[in-house]
Amino acid sequence: MDTIVNALPYLLKGLQVTLYIFIIAIILGFILGLIMALMRLAPLKILNWIAKIFIDAIRGTPFLVQLFFIYFGVNSLSWISFNSTTAGIITVAINAGAYFAEIIRAGIQSIDKGQAEAARSVGLTNVQTMRYIILPQAFRRMLPTITNQSIISLKDTSLLSIIGIADLTQQGEIQASATFEAFKIWLTVGIIYFIIIYLLSLLASFLERRFELR
Amino acid sequence: MTVIKVKNLKKSFGNLEVLKDINADIQEKEVVCVIGPSGSGKSTFLRCLNRLEAITGGSVTINGHDITDPKVDINKVRQNVGMVFQQFNLFPHKTVVENITLGPIKALSMNKEEAIKKAHELLAKVGLQEKAGSYPGELSGGQKQRVAIARALAMNPKIMLFDEPTSALDPEMVGDVLEVMKQLAKEGMTMVVVTHEMGFAREVGDRVIFMDGGYIVEENKPAELFGNPQHERTKAFLSKVL
């Protein structure tokens with residue numbers, strides 16, 4: 001028990017880093033996903049292609065390769081430089097963004113065409129129709145899948161320890177090798193991840209009930 | 001005064017030509033009922049009148065604006081043309097009042113209090129004052145359709161289009177909706193109604209258009225068209241539905 005109590009402050013510090021990266025990255029990822037989804041549905045072909053290429057490229061490559069490409073690859077270019085935390089946030093955001101784009105696109109397309117027609121027939125513009133009629137309904141429908149992707153992204157942040165970010169997983173590694181108590185430490189780390197993800201899914205089901213389609 | 005002028009209107013979906021050559025003039029305060037078998041193009045015709053369907057050929061002029069002209073602001077034209085759908089298409093995430101006030105507030109920039117006041121007046125008119133705060137999911141089909149009519153009227157349209165407004169309703173709900181439409185006709189609203197309600201067409205219509213195969217086959221005053229149809233196809237259709 002002492003091992004865990006002693007390690008806990010370090011682990012919680014790591015958790016702080018994990019949550020910091022996750023929250024910023026998931027918000028950026030969502031905005032990116034929304035933009036990509038709208039581009040995918042835009043009448044302009046060139047926008048469709050850009051979005052499609054982005055989505056396919058991200059979905060078709062492993063997370064670790066994306067992380068290495070951004071942290072080692074892009075960072076090695078002479079005119080650009082960022083630290084590991086920034087690289088981690090960018091990677092998680094881009095990765096989640098591609099998946100969010102497809103979730104949002106499917107959500108928008110699942111709304112009955114009659115909704116847009118009714119909105120247009122009372123004189124709303126395309127943008128107003130999207131904003132007041134389509135997106136609010138689509139978001140309610142997307143919430144479960146958005147939660148799912150967010151949980152996956154949260155777990156993906158554990159891979160960031162590889163580039164030296166002192167997240168929960170990295171702190172676990174340090175504590176495990178310092179204490180020689182790998183079993184207890186990794187069990188504790190697992191429990192902490194589990195609690196956070198459980199709280200996240202509680203929040204999601206609260207939101208689902210809150211915004212239930214009437 | 002002619003408020004809707006349709007000239008050589010054509011509409012195709014891919015290779016399928018749904019409207020072949022439609023010509024029609026609709027006068028102010030006129031109630032025109034469009035009847036015909038399924039697939040005759042009557043709903044498509046109606047939907048072309050506010051360009052919910054892109055028009056393939058010919059022209060449609062609404063209050064003097066040629067809506068096939070790409071320069072015309074279609075949103076402005078639509079503000080003057082109310083539309084009521086078979087499937088109601090109420091916004092499920094908004095209350096009845098919000099459904100009605102959305103257009104006036106967002107498209108006409110009406111202030112909120114005024115829009116809400118107007119919404120309550122319109123709800124009273126369609127007999128649903130007590131449902132102002134309800135969500136569409138809590139209403140029956142007939143109530144939904146009456147809210148949809150109030151929503152369209154909130155824009156103060158010059159013309160109302162009805163696309164089979166009673167076809168999705170339980171029989172006992174049809175009467176309430178038709179009653180509201182009759183009232184509207186009496187007040188002098190210009191109306192184009194695609195309908196299977198022959199009783200309504202006969203009683204309320206100033207003119208009945210019979211469509212089949214993408215053409216207007218015959219049009220006349222209801223008493224004439226129902227009592228003394230001239231074309232074989234009209235006779236065949238009426239013998240099945242009357």
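The structure displayed is predicted, hence computed values, not measured ones. Numbers restart at 1 for each chain; the letters A, B, ... are given by sequence-line order, proteins then strands.
Dense packing is recorded around CZ of A:Phe139, with more than 12 heavy atoms of other residues, nucleotides or ligands lying under 6.0 Å away. Annotation for B:Lys7: atom NZ does not count as buried by contact number, only 12 or fewer foreign heavy atoms lying within 6.0 Å. Other residues, nucleotides and ligands contribute more than 12 heavy atoms inside 6.0 Å of the CZ atom of A:Phe82. Sparse packing is recorded around OH of A:Tyr198, with 12 or fewer heavy atoms of other residues, nucleotides or ligands lying under 6.0 Å away. Residue A:Tyr10 qualifies as open at atom OH: its count of foreign heavy atoms under 6.0 Å is 12 or below.
With a 4.5 angstrom heavy-atom cutoff, B:Lys76 does not touch chain A via any of its atoms. Contact of A:Asn126 with chain B is not made at all, since no heavy-atom distance falls under 4.5 Å. Contact of A:Gln115 with chain B is made through backbone and side chain together, with heavy-atom distances under 4.5 Å. For chain B, the nearby parts of A:Ala119 are the backbone and the side chain; heavy atoms of each come within less than 4.5 Å.
In terms of modelled atom types and a separation under 3.5 Å, the side chain of B:Asn89 and the main chain of A:Gly114 share a donor-acceptor contact. Judged by distance alone, the side chain of A:Gln137 and the main-chain N or O of B:Pro92 form no donor-acceptor pair under 3.5 Å. Without hydrogens or angle criteria, B:His93 side chain to A:Tyr132 main chain gives a donor-acceptor distance under 3.5 Å.
In terms of heavy-atom proximity, B:Ala107 sits nearest to A:Val122 at CB-O, 3.8 Å. Contact between B:Asn75 and A:Leu124 at its shortest, heavy atoms only, is OD1-O, 3.5 Å.
Side-chain contact between B:Phe85 and A:Ser121 is present, with heavy atoms from C-beta onward closer than 4.5 Å.
The most heavy-atom pairs under 4.5 Å with chain A, out of B:Asn50, B:Val77, B:Val81, B:Leu102, come from B:Leu102. Interface check for chain A: of the options B:Leu90, B:Ile74, B:Leu108, the most heavy-atom pairs under 4.5 Å are formed by B:Leu90. With chain A as partner, the option from B:Arg151, B:Gln87, B:Arg78, B:Arg47 having the largest number of non-hydrogen pairs under 4.5 angstrom is B:Arg78.
Atom-to-atom distance recorded for A:Thr129:OG1 and B:Phe91:CZ is 7.5 Å, nearest 0.5 angstrom.
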